[in-house]
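These notes are about the structure you will find just below.
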Amino acid sequence: MRSDAVTKGMQQAPHRSLFNALGMTKEEMDRPLVGIVSSYNEIVPGHMNLDKIVNAVKMGVAMAGGTPIVFPAIAVCDGIAMGHTGMKYSLVTRDLICDSTECMAMAHAFDALVMVPNCDKNVPGLLMAAARLNIPTVFVSGGPMLAGKVKGCKTSLSSMFEAVGSYAAGTMTEEDVLEFEEKACPTCGSCSGMYTANSMNCLTEVLGMGLRGNGTIPAVYSERIRLAKQAGMKVMEMLEKNIRPRDIMTEKAFQNALTVDMALGCSTNSMLHLPAIAHECGIELNLDIANEISSRTPNLCHLAPAGHTYMEQLNEAGGVYAVMNELNKKNLLNTDCMTVTGKTVGENIEGCVNKDTEVIRPIDNPYSETGGIAVLRGNLAPDTGVVKRSAVAPEMMVHEGPARVFDCEEDAIAAIKGGKIVAGDVVVIRYEGPKGGPGMREMLNPTSAIAGMGLGSSVALITDGRFSGASRGASIGHVSPEAAVGGPIALVEEGDIIKINIPENTLDFVISDEELAARKAKWQPREPKITTGYLKRYAELVTSGNRGAVLELPSKK
């Protein structure tokens, strides 16, 4: 056991004296030490129940013969961080979470881990850590929030942001907005649509790192507590069988994740996180494979913001395994992949029926024959851009219009809410990428303002930043190379005609090669927006969005 390095032998007597100081008995030291990584805090609604999840995991570990030991992971609430400097500090926490978990696990010689995340960056950050450490690990999330209800209709956080846009457009009263404010987020849990947190928790099931229901059982259900106990017991079984994360997160498992991603209509942020997780597994996940998988994978779900169903309904319909079973009817999954259950994907999903064909469309009656996410290329995005195709209005799948160019999110929001953006425009927000932001801010405020002002079916938005999973419309993010490194998005000028063709996976602007070269020759890098602290270091190390914004040491000249 790894923990023998701190619990066994005369040389470890000083170590045992410190365990004694913790109140630990000899019997506890003789058992495997299982680290429980708790993302609990009192500022993130999706994390306020994690103390109960962690206690249940501890009980499960102890029942199965292990010694559970809790240590923390930080978390940012993207909704609270949205629309101000705080959003620069969201994506960057993914690597802090991964690095700090590695430090704690290695320094204290844990034999196994149970990860307890919930919201946006904790799930991928801890998956990255699991891959890097490669010791037996199980995930159990805090679960999704129940949908709100306003005027008899279910609703969620995305509707809340769009209500602010509607108020700016004069189509909603202050009293209406207040009603949304009080009712949109009624319980603890990750926000109730297929946003980034729920996307990644569902994909954790698909990758094989979480038990059935990890992505869909609501946070307030007692079933979630039972799941946590099962996760604690299961990690002990994995330890006994020596099943490790890299045995589970194989190239075939990532292909499964991309396939189910397309069927569920997950957040575009999955296209940022899956390559980063794969990178830690030693697998380079080329985003071009996403379109190949999308071309053969039907989109079966339209959860908010793409439609009017929510995570609780997906859970009642059979959850992620029911979606996977539908896909398996056309042999779209690698069913021989190992999972934390100790069984294969095929064994796990056998008999998991679709209980609601309105929430999960049957494989023969999908929303579309192709998947929910598209990766675009063209002279505006030579290294790709990403769009949530399932949340785009049909009339915006092909669009051509003049560029309205902004060098930061705040300027774009002011123009949108000031009525300066009109039908047909293509809003370009640049210098918001991983380096340029720094931190690659999400753009839920401008997309929600566009939707709330009734422009969602006539205005597109393109950025080298990214979008919340709550964003909808022709919102194309992750444009790479980003403006800060001189990518073509930095060379777009006001009024340039931009051509978007999502069915053809293209993103271009109308410019001659000669003019493009001339603009490139005149371009000068911008002074960094942040010159101190963690964001400065992050900007120096972070790579492009199309590579998952992973961190790398600068290459030696």
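Under the 3.5 Å distance criterion, with hydrogens and angles disregarded, a donor-acceptor pair is assigned to the side chains of S156 and Y195. Residues Y310 and T155 bring no donor and acceptor atom of their side chains to less than 3.5 Å of each other. A donor and an acceptor atom, one from each side chain of E442 and N269, are located under 3.5 Å apart. A donor-acceptor contact closer than 3.5 angstrom is absent between the side chains of N501 and T506. For the residue pair D176 / T173, a side-chain donor-acceptor distance below 3.5 Å is found, with atom types taken as modelled.
Checked by atom type and distance alone, the side chain of N256 pairs as donor or acceptor with a backbone atom of N334 at under 3.5 Å. A donor-acceptor pair under 3.5 Å is formed between the side chain of R389 and the backbone N or O of G371. Looking only at distances, a side-chain donor or acceptor of N41 sits under 3.5 Å from a matching main-chain atom of V44. A donor-acceptor pair under 3.5 Å is formed between the side chain of R94 and the backbone N or O of A549. Listed for the H47 side chain is a donor-acceptor partner under 3.5 Å among the backbone atoms of S39. Using a distance-only test at 3.5 Å, with no hydrogens or angles considered, no donor-acceptor pair links the side chain of S141 to the main chain of P117. Checking side-chain atoms of H84 against main-chain N and O of I80 turns up a donor-acceptor pair under 3.5 Å. The closest donor-acceptor contact from the side chain of E482 to the backbone of K435 lies under 3.5 Å. Proximity of a side-chain donor or acceptor of E312 to a complementary backbone N or O of L146 within less than 3.5 Å is not detected. Distance alone, capped at 3.5 Å, places no donor-acceptor pair between the K149 side chain and the K183 backbone.
Residues that satisfy the ring pair (Phe, Tyr, Trp, His ring centres under 6.0 Å) test with Y431, not counting sequence neighbours, are absent from this structure. Partners of H279 under the ring pair (Phe, Tyr, Trp, His ring centres under 6.0 Å) rule, at least two apart in sequence or in another chain, do not exist in this structure.
Between D425 and R404, at least one side-chain N (NZ, or NE/NH1/NH2) sits under 4.0 Å from a carboxylate O, which counts as a salt bridge.
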